[in-house]
**Q** 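Dumping the structure here so I can ask a few things about it.
Numbered from 1 within each chain, the chains take letters A, B, ... in sequence-line order.
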2 protein chains.
Amino acid sequence: MNIQDLKYFYRLVQDQNFTKVAGYFKVSQPTITLAVKRMEKEFQAKLVERNYAHNELRITDSGKQLYHHIEPILNEWRLAHQEIDAMNQQKIRFGMSPTISSHFFPSVTNQLLKSGLLNHLYTYEAGSREVLRSILEGRIDIGLIGSVAPQIHDQLVTESLKVMHFKIVVSPSSPLANRKSVSFQEASAFPFVVLNNHFANPVAFEQIAHHAGVTPNIIYRSSNIDTLKRIVSRGMAISYIADLSILPGDPIISIPLTDQGQPLLTVMLVYRKTLELSERIRQFMEIVREYKQTD
Amino acid sequence: MNIQDLKYFYRLVQDQNFTKVAGYFKVSQPTITLAVKRMEKEFQAKLVERNYAHNELRITDSGKQLYHHIEPILNEWRLAHQEIDAMNQQKIRFGMSPTISSHFFPSVTNQLLKSGLLNHLYTYEAGSREVLRSILEGRIDIGLIGSVAPQIHDQLVTESLKVMHFKIVVSPSSPLANRKSVSFQEASAFPFVVLNNHFANPVAFEQIAHHAGVTPNIIYRSSNIDTLKRIVSRGMAISYIADLSILPGDPIISIPLTDQGQPLLTVMLVYRKTLELSERIRQFMEIVREYKQTD
DNA sequence: TCCCTGCTATAAATATTTTTTATGACCCTT
DNA sequence: AAGGGTCATAAAAAATATTTATAGCAGGGA
């Protein structure tokens, strides 16, 4: 029984046509017939019912059942390839959200340079939720993400590094600009710009809005934190973003919230449980963990 | 690339000895050597380092990484075999805890007989947590279990059917015997017998004890509900069991608890997401769901 | 009806892959 | 230095997968 046979069968279930599958894999048609026969012999069950009338193909219950298992098998196989390829190229595939990136890198670049790890880093930037998905799908190995709830996932290891607060940010010319603090309810009188669903941001936003019993007016969901800040700095809207997204030079004012029990942003190191912690990766993780000590 | 090669490699990582692995699979030693070579070619990476000195074998990082993925692959493969075998024998492998069993079967046997499904049922009885594990490991297909928290699991589908209360049960000669209700704190003055960790029971027990701020004296953790009842009926201890475990003829007295926010037992239908819902299985599930209507 | 088309199955030949047999090389132990 | 335990290699054999060529089946159109 060959991995290739699984691929043939997988495709057959989708295409419902032997000839087409053969074409897809650039093999002759009997190859597919015989592959299916091999599997039917292996499982002692009819997997495909050929219906000459109406030119139709029916996958039997056993066939469907098998199909359900082939999917994760081929997935693991692909994952193994991706991971070992990355290892061969001596790359650590590291993902983080842009906001974390601009906060994180300055504080550890020295360390990374000194240890020679910087050359081995392939970085990927996307929203936290997007990064999480990339880890699960094996496109990257390690992520540094912000999350409102401490992530619990069957297939992942997570380490909380930092807990940050969300703040209201406004333009210097905003009526709120010289307030020492503000409640979310007060702030909700103004129009909002928030990050889109690839980020953890709107999750926290929904939570605090729900908690405060208000439904703020969201005028735009941005895919980019800089765009968001620009909109805020021009006074077109206010926003609700994590502490660590606010950099020293930004032409915006940040105001702490007074709400009790407001959502917090946990910065977490995340990787697949199945990631083999090579010396290089362990070294890198140590440096990432030192980020914990910084502020 | 053969599934067999994965098995060879998997075993090699565990045994750290080519000759031993060959012996295990009853093949010649070069077979293993060549299988490893094939995989090293497939992944373009050294997987095993042969150390002639000290007769030692080292699995490289790539090898270990691969190993992490082979495990779930072989697992899925085994699962597929088990499931299709059960299908071939036209069996529905159905697991439930003994307590649920004695409550459930009387109420649906008629239906099962009429539909002819009874012959197709292979039943397995074990504690709820044990049944859950059996489903995950593919030993059974469908479970009817009691759980304190609604189970959420990545790989499972769960349907809540009933919510039951836990009660204090005592011997007819107990000082508590003619009470209309009792608080857990009061009850905790008496020694307890509970079910062991294969059951949901002790989870609820810990919860209510914690909630009531007491640490009851547990004199025995039974693996069997009848043993437990026998101990209770003889007045040697009291217990805390689900409503549905108490059958009409039992020589024990059950007393409702007065505690606020006490844990509840949810009776749930559970199966793997990957279970192919054949006509027979759908029919069976319909009957199980009717159990919901009974009391 | 007959022929053509689009589909899958079968058989024999071929190609490829896997396993065995037989042997060699390495290194540790005694 | 001999012997035992380890894995590697090469050639031969066995098993498996693929192709080529052909057949069979059903439906649609002339």
Side-chain angles (χ1 to χ4, degrees), chain A residues 1-60 62-64 66-67 70 73-74 77 81, chain B residues 1-60 62-64 66-67 70 73-74 77 81:
Chain A
M1 185 59 29
N2 208 305
I3 301 265
Q4 193 59 34
D5 283 356
L6 305 191
K7 294 186 184 168
Y8 291 157
F9 184 76
Y10 187 74
R11 194 78 202 177
L12 180 64
V13 173
Q14 299 183 326
D15 288 352
Q16 305 269 328
N17 179 313
F18 282 65
T19 314
K20 207 167 157 192
V21 173
Y24 178 82
F25 287 104
K26 298 186 174 45
V27 294
S28 68
Q29 168 265 311
T31 300
I32 310 303
T33 300
L34 293 171
V36 171
K37 283 208 158 174
R38 281 194 289 276
M39 303 197 84
E40 291 187 326
K41 192 179 162 199
E42 162 104 21
F43 286 96
Q44 309 253 49
K46 186 161 240 181
L47 299 175
V48 178
E49 235 162 41
R50 291 78 163 176
N51 195 347
Y52 293 108
H54 311 297
N55 261 345
E56 257 178 26
L57 220 94
R58 214 183 62 77
I59 310 296
T60 66
S62 298
K64 284 182 191 159
L66 179 56
Y67 179 74
I70 288 184
I73 288 179
L74 293 180
W77 191 244
H81 265 284
Chain B
M1 185 58 30
N2 207 305
I3 301 265
Q4 193 59 33
D5 283 355
L6 305 191
K7 294 187 184 167
Y8 291 157
F9 185 76
Y10 187 75
R11 193 78 202 179
L12 179 64
V13 174
Q14 299 184 328
D15 288 353
Q16 305 269 327
N17 179 313
F18 282 65
T19 314
K20 208 168 156 191
V21 173
Y24 178 82
F25 287 103
K26 298 187 174 46
V27 294
S28 69
Q29 168 265 312
T31 299
I32 310 303
T33 300
L34 293 171
V36 171
K37 284 210 157 174
R38 280 194 291 276
M39 303 198 85
E40 290 187 326
K41 192 178 161 200
E42 163 105 21
F43 286 96
Q44 309 253 47
K46 185 161 239 180
L47 299 175
V48 178
E49 237 162 41
R50 292 77 161 176
N51 196 345
Y52 292 108
H54 312 297
N55 261 345
E56 254 178 26
L57 220 96
R58 213 183 63 76
I59 310 296
T60 66
S62 297
K64 285 181 191 160
L66 179 56
Y67 178 74
I70 288 184
I73 288 179
L74 293 180
W77 190 243
H81 266 284

**Q** For C/dC7, take OP1 and OP2 only and decide whether either is under 4.0 Å from a side-chain N or O of A/Arg50.
**A**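 Answer is no, no contact under 4.0 Å.
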**Q** Find the distance B/Ile32:CD1 to D/dT9:C1' and express it as a whole number of Å.
**A**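 Roughly 16 Å, once rounded to whole Å.
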**Q** Nearest-Å distance, CZ (A/Phe25) to C1' (D/dT19)?
**A**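 Taking CZ of A/Phe25 and C1' of D/dT19, I get 17 Å after rounding.
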**Q** I'd like to know if the side chain of A/Asn2 reaches the main chain of A/Gln4, judged simply by a donor and an acceptor atom lying under 3.5 Å from each other, with no hydrogens or angles considered.
**A**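 Side chain of A/Asn2 to backbone of A/Gln4: a pair is present.
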**Q** Can you check whether A/Lys37 has a side-chain N or O nearer than 4.0 Å to OP1 or OP2 of C/dT10?
**A**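 It does, given that an N or O in the side chain of A/Lys37 lies less than 4.0 Å from OP1 or OP2 of C/dT10.
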**Q** Show your reasoning for whether ring-ring contact (aromatic ring centres under 6.0 Å, His included) applies to A/Phe9 and A/Tyr67.
**A** CA-CA 8 Å; A/Phe9 184 76; A/Tyr67 179 74; 7.3 Å; no
**Q** Mind calculating the distance between CD1 (A/Ile3) and P (D/dA17) to the nearest angstrom?
**A**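 To the nearest whole Å, that distance equals 12 Å.
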**Q** With B/Glu42, which residues qualify under salt bridge (Lys or Arg N to Asp or Glu O under 4.0 Å), at least two apart?
**A**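 Checked B/Glu42 against salt bridge (Lys or Arg N to Asp or Glu O under 4.0 Å); zero matches.
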**Q** Need to verify one output field. Residue with the more 5' nearest nucleotide on DNA chain C, B/Met1 or A/Phe18?
**A**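 Looking at the nearest nucleotide for each, A/Phe18 comes out on the 5' side.
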**Q** Return the set of residues passing side chain to side chain contact (heavy atoms under 4.5 Å, CB included) with B/Thr33 (not counting sequence neighbours), or none when no residue passes.
**A**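 In terms of side chain to side chain contact (heavy atoms under 4.5 Å, CB included), with neighbours along the sequence ignored, B/Thr33 is linked to B/Phe18, B/Gln29.
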**Q** In this structure, how many angstroms lie between the P atom of C/dT8 and the CG atom of A/Leu47, rounded?
**A**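 Result: 16 Å.
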**Q** Kindly say whether the aromatic ring centers of B/Trp77 and B/Tyr10 come within a distance under 6.0 Å.
**A**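 They do not qualify: ring centres at least 6.0 Å apart.
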**Q** Any protein N or O atoms within reach of nucleotides 19-23 of chain C? Criterion: under 3.5 Å, listing atom names and distances.
**A**
| residue | atom | partner | partner atom | Å |
| --- | --- | --- | --- | --- |
| C/dT19 | OP1 | B/Tyr8 | OH | 3.2 |
| C/dT19 | OP2 | B/Arg38 | NH2 | 3.0 |
| C/dT20 | OP2 | B/Ser28 | N | 2.7 |
| C/dT20 | OP2 | B/Ser28 | OG | 3.0 |
| C/dT20 | OP2 | B/Thr31 | OG1 | 2.6 |

**Q** Counting only side-chain nitrogens and oxygens, does A/Thr33 get under 4.0 Å of the OP1 or OP2 atom of C/dA9?
**A**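 Answer is yes, contact under 4.0 Å.
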**Q** Would you kindly give the CG-to-P distance between B/Asn17 and D/dT6, to the nearest whole Å?
**A**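 One finds 5 Å between P of D/dT6 and CG of B/Asn17, rounded.
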**Q** Once you apply a heavy-atom cut-off of 4.0 Å, does B/Thr19 come out as touching a base, just sugar-phosphate, or nothing?
**A**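 Counting heavy atoms under 4.0 Å across all strands, the contact made by B/Thr19 is with sugar-phosphate only.
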**Q** Can you measure from CZ (A/Arg58) to NZ (A/Lys46) and round to the nearest 0.5 angstrom?
**A**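 NZ of A/Lys46 is found 10.0 Å from CZ of A/Arg58.
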**Q** Tell me: CZ of B/Phe9 to P of D/dC7, nearest whole Å?
**A**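 In whole Å, D/dC7 P and B/Phe9 CZ are 14 Å from each other.
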